[in-house]
Amino acid sequence: MRELTDESAYDRYVTHVRHEHPDAEVPSRRDFERMRTDRQEADPRQGFRCC
């Protein structure tokens with residue numbers, strides 16, 4: 001269910017960062033969600049966000 005609702009996006013991101021960029025600092029979940037929201041709002045191909 002977490003995959004369908006994309007709740008696991010942060011977990012996948014952390015795994016990716018730790019594997020591909022081991023020296024990089026992993027952002028907090030709050031920072032990750034802010035970056036993701038900003039990216040979605042900046043790119044209309046990401047879908048319409050009404051709220």
My understanding is that only residues two or more places apart in sequence, or in another chain, count here; which of them pass salt bridge (Lys or Arg N to Asp or Glu O under 4.0 Å) with R18? none

Evaluate salt bridge (charged side-chain N to carboxylate O under 4.0 Å, His left out) for E33 paired with R30, printing each intermediate quantity in order. CA-CA 5 Å; E33 293 296 343; R30 181 182 177 123; over 6 Å; no

Heavy atoms from other residues, nucleotides or ligands near CD of E25 exceed 12 (cutoff 6.0 Å): no

Listed partners of Y13 passing ring-ring contact (aromatic ring centres under 6.0 Å, His included), at least two apart: F32

Got a second to check how far M35's CE is from Q40's CD, nearest 0.5 Å? 12.0 Å

Please list, chain by chain and in numerical order, all residues satisfying side chain to side chain contact (heavy atoms under 4.5 Å, CB included) with A24, sequence neighbours excluded. V17, H21

State whether D38 and R34 are salt-bridged, where the test is any N-O pair (Lys NZ or Arg NE/NH1/NH2 against Asp/Glu carboxylate O) under 4.0 Å. yes

Quick check for you: to the nearest 0.5 Å, what is the distance between R12 atom CZ and H16 atom NE2? 12.0 Å

Distance in Å, T15 OG1 paired with H19 NE2, rounded so as to fall on 0.5 Å steps: 10.0 Å

For D11, does its backbone N or O pair with a side-chain atom of S8 as donor and acceptor, under 3.5 Å? no

